[in-house]
Amino acid sequence: MAIFQSKRYCPSSADATLAARYRNALARHPFALFGLPFIATMVLGSFFLTPATALRYERHDMKVRQVTEDERLGIGKDKRRIDMKEEYYKLAAKDLDNWEQKRVKRLPGEHDGVL
């Protein structure tokens with residue numbers, strides 16, 4: 001019975017390629033050639049993307065701020081001054097004892113609550 005070698009067959013031309021040399025070096029130093037570049041990419045990517053995310057949130061804040069300023073400018077216009085005595089006399093003049101309950105008209109297909 002023949003005994004096979006435990007060593008794989010690699011032609012001499014395969015050792016000369018860049019991929020083969022990298023694969024051999026990766027087997028010897030996995031963290032230095034794979035882990036360290038990966039971690040460096042994550043950290044540097046975080047630093048490079050920070051200004052982009054800050055710009056995104058600044059634009060969102062600017063839009064919200066513009067809406068509130070427009071609303072603030074529009075609130076005070078066409079508003080009458082409220083006088084508490086005047087409002088009291090308006091309510092006192094109303095007849096609050098004579099009233100009847102009216103049902104709100106329902107939308108088509110909406111349950112009206114009548115049994």
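Nothing here was measured: the structure is a model prediction, and the numbers come from that model.
There is a path of hydrophobic side-chain contacts, each under 4.5 Å, that joins Leu36 to Val43.
Counting heavy-atom neighbours within 6.0 Å of Arg103 CZ, excluding the residue itself, gives a total above 12.
The nearest pair of heavy atoms linking Pro37 to Ala32 is CD-O, 3.5 Å. Of all the heavy atoms in Asn98 and Asp95, the pair that sits closest is ND2-OD2, 2.8 Å.
Take Arg28 and apply the side chain to side chain contact (heavy atoms under 4.5 Å, CB included) test, not counting sequence neighbours, and it matches Asn24.
Side-chain atoms of Glu58 never come within 3.5 Å of backbone atoms of Leu55 as a donor-acceptor pair (strictly under, hydrogens ignored). With Ser46 contributing its side chain and Met42 its backbone, the two residues share no donor-acceptor pair below 3.5 Å.
In this structure the side chain of Phe31 reaches within 4.5 angstrom of the side chain of Ile39, judged on heavy atoms.
The other members of the hydrophobic cluster of Leu26, by chain and number, are Tyr22, Leu33, Phe34 (side-chain heavy atoms under 4.5 Å, ILVMFWY only).
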